[in-house]
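Below you'll find the structure, written out as structure tokens, and then a few comments.
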Amino acid sequence: MTTTHHTKVLKQIGHKPGKYKKYLKNSVPKQRAFGRTTKRCEHCGSMNGHIGKYGLNLCRKCFRDYATELGFKQYR
Ligand SMILES: [Zn+2]
């Protein structure tokens, strides 16, 4: 099962207590203090290609979409 965020799965299997317990034990990602999995894109939730510079907190794909709206001139 691949999802963008584990809370989606927890919502889906919330009414099945056995599966819910098993998913919590084995498949919920560990809480981390640092590393690339601690940062998510504010728009789409992706963990890949994160841009944190200037407090953007967007992935490279969303940055490309919103760059001109944000006032970046060089990025086309
Ligand atoms: Zn994104």
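Note that the coordinates shown come from a computational prediction; the quantities given were computed from them, not determined experimentally. For ligands, and for the atoms within them, numbers begin at 1 and follow the listed sequence. Side chains are part of it too, since the values below use all heavy atoms of this structure and drop only hydrogens, waters and symmetry mates.
The aromatic rings of F72 and F63 sit perpendicular to each other, their planes meeting at more than 60°, with 30° as the lower class boundary.
A donor and an acceptor atom, one from each side chain of N48 and R36, are located under 3.5 Å apart.
Near-neighbour remark for the Zn ion (ligand 1): protein N, O or S atoms under 2.8 Å are C41 SG, C44 SG, C59 SG, C62 SG; waters not counted.
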All N/O donor-acceptor pairs, side-chain side in residues 25-34, below 3.5 Å, sequence neighbours left out:
{"from": "N26", "atom 1": "ND2", "to": "K22", "atom 2": "O", "distance (Å)": "3.3"}

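For T37, the side-chain hydrogen bond (donor to acceptor under 3.5 Å, both in side chains) criterion is met by no residue, not counting sequence neighbours. Legend: residues meeting ring-ring contact (aromatic ring centres under 6.0 Å, His included) with Y20, ordered by chain and number and at least two apart, are absent.
The heavy-atom pair separating C59 from C44 by the smallest distance is SG-SG, 3.7 Å.
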